[in-house]
Trainee: 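Got a structure here, written out as structure tokens. Questions coming.
Keep in mind that this is a model prediction, so the values were computed, not measured. Start at 1 with the first residue, then count along the sequence. Heavy-atom basis, side chains included; hydrogens, waters and symmetry copies ignored.
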Amino acid sequence: MPPNGAVPELLVLSSEVLEVGGVYLLDNGSDLLLFVDQELNEALTQDLFGLPNADVLHRTPQPLPVTQRDNQASRLLFELLNTVRLQRCAFMRLRVAKKGDPYYGLFVNLLVEDKSTAGMSYVEYLCHVHRQIQEKMG
């Protein structure tokens, strides 16, 4: 969360931008995935989840309930969730993605800017398709 309490900036969907100890919200159109790194600091783990540390958080089975708490980090998270939800016509469930659970796999698969098993990132793929179209047209 930004220190000034502002809504965080949008990031490119790439594992390269994920910082150790970070929390990231990903909107896939039907669900909101909240990725929580294993190195999340104790204060933020307590503020967002009411748990003493990231180890306890990562051992807690899904579904992990996320409720608004009386602190700035929690208020900012729920403000962001509500902002995103108001932009959609259907209510979007919040899923917590932690390493080792199925939602983590979904989160990683949605990082479209990363290279796939085919060896191309999404941008590289679009450039490849564009070149093929130009060759056929020219």
Side-chain angles (χ1 to χ4, degrees):
M1 302 277 177
N4 62 359
V7 172
E9 66 182 70
L10 294 177
L11 297 174
V12 175
L13 291 175
S14 170
S15 60
E16 294 173 353
V17 300
L18 301 180
E19 294 180 9
V20 173
V23 177
Y24 298 89
L25 184 67
L26 189 147
D27 172 359
N28 73 0
S30 61
D31 292 315
L32 294 169
L33 296 171
L34 186 69
F35 171 69
V36 181
D37 187 71
Q38 289 178 312
E39 302 295 321
L40 186 64
N41 72 52
E42 290 182 6
L44 198 50
T45 305
Q46 179 68 40
D47 287 350
L48 295 179
F49 303 101
L51 297 171
N53 58 51
D55 290 334
V56 173
L57 172 70
H58 282 272
R59 288 193 312 265
T60 303
Q62 293 283 11
L64 184 66
V66 180
T67 57
Q68 188 166 353
R69 300 178 186 292
D70 190 23
N71 60 66
Q72 184 179 5
S74 182
R75 281 190 293 277
L76 285 172
L77 173 62
F78 275 82
E79 183 178 311
L80 179 59
L81 293 173
N82 290 331
T83 299
V84 172
R85 285 172 173 157
L86 287 172
Q87 296 172 359
R88 303 291 185 264
C89 60
F91 184 80
M92 299 177 74
R93 294 173 300 208
L94 178 65
R95 310 285 191 186
V96 178
K98 310 175 291 185
K99 278 195 176 175
D101 71 21
Y103 296 121
Y104 176 74
L106 177 60
F107 177 81
V108 170
N109 286 335
L110 291 170
L111 298 177
V112 296
E113 295 294 331
D114 284 350
K115 290 187 183 243
S116 68
T117 55
M120 286 190 271
S121 71
Y122 184 65
V123 172
E124 291 168 337
Y125 171 74
L126 290 177
C127 290
H128 173 73
V129 170
H130 181 70
R131 278 191 298 275
Q132 287 183 329
I133 291 170
Q134 284 182 324
E135 288 174 8
K136 289 193 187 256
M137 301 289 288

Trainee: When you compare the side chains of Glu124 and His128, does any donor N or O come within less than 3.5 Å of an acceptor on the partner?
Mentor: no
Trainee: Under the side chain to side chain contact (heavy atoms under 4.5 Å, CB included) rule, what do Leu77 and Val23 come out as? Steps first, then yes or no, please.
Mentor: CA-CA 10 Å; Leu77 173 62; Val23 177; 5.7 Å; no
Trainee: Given 3.5 Å as the limit, does a donor-acceptor pair link the side chain of Ser74 with the main chain of Asp70, or not?
Mentor: no
Trainee: What residue pairs, at least two apart or across chains, pass salt bridge (Lys or Arg N to Asp or Glu O under 4.0 Å) with a residue in residues 89-100?
Mentor: Asp31-Arg93
Trainee: Tell me which donor-acceptor pairs under 3.5 Å the side chains of residues 56-66 have, and how far apart each pair is, sequence neighbours excluded?
Mentor:
unit_1	atom_1	unit_2	atom_2	d
His58	NE2	Val36	O	3.4
His58	NE2	Asp37	O	3.4
Thr60	OG1	Val56	O	2.7
Gln62	OE1	Leu64	N	3.1
Gln62	NE2	Val96	O	2.5
Gln62	NE2	Asp101	OD2	2.7

Trainee: Would you compute the distance between atom CG of Leu80 and atom CZ of Arg75 and round it to the nearest 0.5 angstrom?
Mentor: 15.0 Å
Trainee: What residue pairs, at least two apart or across chains, pass ring pair (Phe, Tyr, Trp, His ring centres under 6.0 Å) with a residue in residues 24-46?
Mentor: Phe35-Tyr104, Phe35-Phe107
Trainee: Hey, could you give me each pair passing salt bridge (Lys or Arg N to Asp or Glu O under 4.0 Å) that has a residue in residues 128-138? Not counting sequence neighbours.
Mentor: none
Trainee: How would you list, by chain and number, every residue that makes a side chain to side chain donor-acceptor pair (under 3.5 Å) with Gln134, sequence neighbours excluded?
Mentor: His130
Trainee: Can you list the residues that meet the side-chain contact (heavy atoms from CB on, under 4.5 Å) rule with Asp27, with sequence neighbours excluded?
Mentor: Leu32, Val84, Arg88, Met92
Trainee: Please identify each residue that fulfils side-chain contact (heavy atoms from CB on, under 4.5 Å) with Leu106, with sequence neighbours left out.
Mentor: Asn28, Leu33, Leu110
Trainee: For Arg69, which residues count as a side chain to side chain donor-acceptor pair (under 3.5 Å) partner, sequence neighbours excluded?
Mentor: none
Trainee: Can you hop from Tyr125 to Ile133 via hydrophobic side chains spaced under 4.5 Å?
Mentor: yes
Trainee: Quick check on Gln132: does its CD atom have over 12 non-hydrogen neighbours (other residues, nucleotides or ligands) under 6.0 Å away?
Mentor: yes
Trainee: Kindly give the heavy-atom pair with the smallest separation between Ala73 and Leu44, and that separation in Å.
Mentor: CB-CD1, 3.7 Å
Trainee: Could you pull out all residues at least two apart from Gln68 that satisfy side chain to side chain donor-acceptor pair (under 3.5 Å)?
Mentor: none
Trainee: Could you walk me through whether Leu94 and Leu25 pass side chain to side chain contact (heavy atoms under 4.5 Å, CB included), step by step?
Mentor: CA-CA 9 Å; Leu94 178 65; Leu25 184 67; 4.1 Å; yes
Trainee: Return the set of residues passing side chain to side chain donor-acceptor pair (under 3.5 Å) with Thr67 (not counting sequence neighbours), or none when no residue passes.
Mentor: none
Trainee: For Leu10, enumerate each residue passing the side-chain contact (heavy atoms from CB on, under 4.5 Å) test, keeping only those at least two apart in sequence or located in another chain.
Mentor: none
Trainee: Write out all pairs satisfying salt bridge (Lys or Arg N to Asp or Glu O under 4.0 Å) with one or both partners inside residues 42-55, taking only residues at least two apart or from two chains.
Mentor: none
